[in-house]
2 protein chains.
Amino acid sequence: MTPVTVIGLGPMGTALAEAFVKAGHPTTVWNRTAAKAAPLVAMGAVHAKRIEDAVAASPLVIACLTRYDDTRQALEPAAAALKGRALITLNSGSPAGAREMADWAAGHGARFLDGAIKNVPSAVGAPDTLLYYSGDKTVFDDHLATLKILGGDTVHLGAEPDLAALYEMAVGGTLLPALVGFFQGAAAVQARGLEADTLVRFTVKWLEMISSILPAFAREIDSGDYTKPMSSVNVFLAGVAYDEELGKEANLDVTWQAPLHDLLKRAVEAGHGDHSIAALTEVLKRPERAA
Amino acid sequence: MTPVTVIGLGPMGTALAEAFVKAGHPTTVWNRTAAKAAPLVAMGAVHAKRIEDAVAASPLVIACLTRYDDTRQALEPAAAALKGRALITLNSGSPAGAREMADWAAGHGARFLDGAIKNVPSAVGAPDTLLYYSGDKTVFDDHLATLKILGGDTVHLGAEPDLAALYEMAVGGTLLPALVGFFQGAAAVQARGLEADTLVRFTVKWLEMISSILPAFAREIDSGDYTKPMSSVNVFLAGVAYDEELGKEANLDVTWQAPLHDLLKRAVEAGHGDHSIAALTEVLKRPERAA
């Protein structure tokens with residue numbers, strides 16, 4: 001069992017450390033606010049007061065802080081101890097941030113992997129929980145069994161250290177818009193005196209339906225052929241009026257949808273009216289790139 | 001086996017009629033463009049040239065046209081024949097449209113049920129396909145076995161005929177924003193020379209994660225207590241910078257997100273910064289309603 005160090009004990013870092021402790025790995029933890037380590041110590045983890053000792057305790061160091069900047073700042077006093085160790089970052093950030101982090105880690109002789117866990121802390125350790133990584137493949141291969149403790153669906157995207165951040169952002173772009181769509185629906189059923197809870201099971205099925213059509217949309221986007229639509233831009237444009245009616249009936253501010261409707265109109269102007277809704281992908285590309 | 005009439009043979013109407021034929025129901029079909037009936041006739045359906053004959057052929061008439069207006073216009077010549085029959089509409093539309101449709105049906109002595117099938121035509125007939133209805137409960141009860149041929153997950157929302165349209169719109173509000181989020185991600189991975197298809201399996205898992213957190217959000221919305229957040233408005237606001245970085249790096253127009261970010265800022269101004277992201281629901285309510 002490889003000794004593991006977990007840096008950063010927010011809800012996600014705590015869940016990661018807990019999974020390692022439960023799996024029987026010698027686990028060292030460090031957090032800026034030391035008190036957060038106490039429950040993990042009670043479970044069998046070792047608390048390192050100094051970050052230098054935390055890093056020195058294990059060949060595998062996993063940092064789960066908020067941003068790359070925070071990670072570098074926290075690790076700076078322990079930089080010398082990183083030499084020859086495997087360092088994995090699991091935080092949010094941009095591809096550029098991941099590249100900077102990778103350069104920093106390389107400069108200190110660490111073998112670096114960046115990862116993303118796009119899930120809630122309670123999902124850590126489940127057989128179908130997805131974590132994806134990019135960067136040094138030897139770190140991934142050497143520690144695969146250990147990494148799988150965090151989630152059964154563990155993937156290496158490639159050697160470029162910023163791929164995990166790229167995919168994290170590409171995937172994450174659906175979250176806020178989908179949630180606002182749900183909140184709007186919740187406010188609409190509430191306006192009728194019904195509970196938001198009654199909407200959940202229908203929305204869950206709806207999200208499953210959306211998932212089922214994504215492969216076809218991806219094929220259209222990859223081929224650039226939008227001419228055999230399941231659902232056309234014009235069909236979506238015809239639905240815009242219903243959204244406005246709902247807004248009036250439920251007394252909701254639906255203006256956040258205006259730029260989405262504008263995208264539909266721009267797609268029609270670009271000749272995509274009878275094409276697949278996936279043609280919006282082309283409208284999102286800035287002209288200088290599309291040209 | 002109850003004889004069934006299906007009015008409107010677009011992709012969805014055709015799928016409905018096909019399911020009834022395959023299940024052994026005497027099935028009569030009508031469409032403005034008669035040629036669309038041919039494949040169904042080859043399978044065993046009866047094609048009625050006149051809509052009066054189509055309606056007269058069955059005690060259960062299911063109309064699957066584009067809008068309520070189209071449905072009334074198509075049925076007008078057959079209005080006298082509707083008396084005593086069960087009429088079910090399965091089209092898109094607003095709650096107000098459903099109420100008008102119900103009044104029209106009642107005026108002609110039909111027993112009326114409005115329904116929604118929030119799925120693709122190929123999902124018709126599957127055991128977990130969801131259809132929900134509202135309106136005359138006796139129609140639902142009398143024909144439940146027949147309706148279940150269209151999807152195993154068949155629900156009656158209530159006697160008010162506009163509830164299915166309300167839920168359809170409340171649920172549907174996630175579609176366009178979620179898709180645009182996916183298209184943006186697809187354009188971002190394409191900008192890196194990768195295929196959109198590589199994003200699908202990650203987005204599918206992500207949508208499953210979103211589904212898993214909806215019950216907790218609904219509880220917050222129903223209780224009005226946003227003070228114990230899984231994920232706060234401020235956390236989302238901190239992520240805005242990453243979206244802008246992604247836009248620059250992938251040369252994408254991400255301005256469609258601006259009003260979503262504005263909602264976050266308005267939530268902070270309203271004192272919801274450290275509250276759950278579900279507090280956006282309150283920001284979506286117009287002041288005159290919230291007050």
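Excluded from the calculations below are hydrogen atoms, water molecules and symmetry mates; all remaining heavy atoms, backbone and side chain alike, are included.
Of the two parts of A/Leu214, the backbone and the side chain both hold a non-hydrogen atom closer than 4.5 Å to a non-hydrogen atom of chain B. Looking at A/Asp262, neither its backbone nor its side chain comes within 4.5 Å of chain B, counting heavy atoms on both sides. Contact of A/Ile277 with chain B is made through backbone and side chain together, with heavy-atom distances under 4.5 Å. Heavy atoms of A/Leu246 lying under 4.5 Å from chain B belong to its backbone as well as its side chain. Using a 4.5 Å cut-off between heavy atoms, B/Gln184 contacts chain A through both its backbone and its side chain. When heavy atoms are compared at a cutoff of 4.5 Å, A/Tyr242 approaches chain B by way of both its backbone and its side chain. With a threshold of 4.5 angstrom between heavy atoms, B/Leu263 approaches chain A through side-chain atoms but not through N, CA, C or O. Residue contact with chain B, scored on non-hydrogen atoms closer than 4.5 Å, involves the side chain of A/Val155 exclusively.
Between B/Val120 and A/Met209, the shortest heavy-atom distance links the atoms CG1-SD, 4.2 Å. Minimum heavy-atom separation, B/Trp256 to A/Pro177: CH2-CG, 3.8 Å. When all heavy atoms of A/Thr174 and B/Ala178 are compared, the closest pair comes out as CG2-O, 3.3 Å. Closest of all the heavy-atom pairs between A/Glu249 and B/Pro95 is OE2-CB, 3.3 Å. For B/His261 against A/Leu176, the heavy-atom pair with the smallest separation is CD2-CD2, 4.3 Å.
Under the side-chain hydrogen bond (donor to acceptor under 3.5 Å, both in side chains) criterion, B/Ser276 pairs with B/Glu220, sequence neighbours left out. Remark: B/Asp162 pairs with A/Arg192, B/Arg99 by the side-chain hydrogen bond (donor to acceptor under 3.5 Å, both in side chains) rule, at least two apart or across chains. When the salt bridge (charged side-chain N to carboxylate O under 4.0 Å, His left out) test is applied to B/Asp253, the partners found at least two apart in sequence or on another chain are A/Arg266.
In this structure the side chain of A/Pro259 never reaches within 4.5 angstrom of the side chain of B/Thr255, judged on heavy atoms. At a threshold of 4.5 Å between non-hydrogen side-chain atoms, the residues B/Leu163 and A/Leu194 count as touching. At a threshold of 4.5 Å between non-hydrogen side-chain atoms, the residues A/Thr281 and B/Phe182 do not count as touching. For the pair A/Phe236/B/Leu175, a side-chain contact is recorded, criterion being any heavy-atom separation below 4.5 Å from C-beta on.
Considering CZ of B/Arg286 and CG of A/Leu252, their distance stands at 8.0 Å, rounded to 0.5 Å. The distance from atom CD of A/Gln190 to atom NZ of B/Lys285, rounded to the nearest 0.5 Å, is 4.0 Å. Atom-to-atom distance recorded for A/Glu244:CD and B/Ser94:OG is 12.0 Å, nearest 0.5 angstrom. We find the CG-CZ distance between A/Leu284 and B/Phe183 to be 8.5 Å, quoted to the nearest 0.5 Å.
Among A/Pro11, A/Gly172, A/Ala123, the residue making the largest number of heavy-atom pairs under 4.5 Å with chain B is A/Gly172. Of the listed residues (A/Tyr132, A/Phe217, A/Tyr167), the one with the most heavy-atom contacts under 4.5 Å to chain B is A/Tyr167. Per-residue counts of heavy-atom pairs under 4.5 Å with chain B were compared for A/Ser231, A/Gly185, A/Pro121, A/Ala241; the largest is that of A/Gly185. Per-residue heavy-atom pair counts under 4.5 Å with chain A were compared for B/Gln257, B/Glu168, B/Glu160, B/Arg219, and the maximum is reached by B/Glu160. With respect to chain A, the highest number of heavy-atom pairs below 4.5 Å among B/Val283, B/Asp128, B/Asp243 belongs to B/Asp128. In terms of heavy-atom pairs under 4.5 Å with chain B, the best-connected choice from A/Leu264, A/Ile213, A/Ile210, A/Thr66 is A/Ile210. When the candidates A/Leu157, A/Thr129, A/Val254, A/Asp197 are compared by the number of heavy-atom contacts under 4.5 Å with chain B, A/Asp197 comes out ahead.
Using a distance-only test at 3.5 Å, with no hydrogens or angles considered, no donor-acceptor pair links the side chain of A/Asp222 to the main chain of B/Glu195.
Identified by a heavy-atom distance below 4.5 Å to chain A, the contributing residues of residues 198-208 of chain B are B/Thr198, B/Leu199, B/Val200, B/Arg201, B/Phe202, B/Thr203, B/Val204, B/Lys205, B/Trp206, B/Leu207, in residue-number order.
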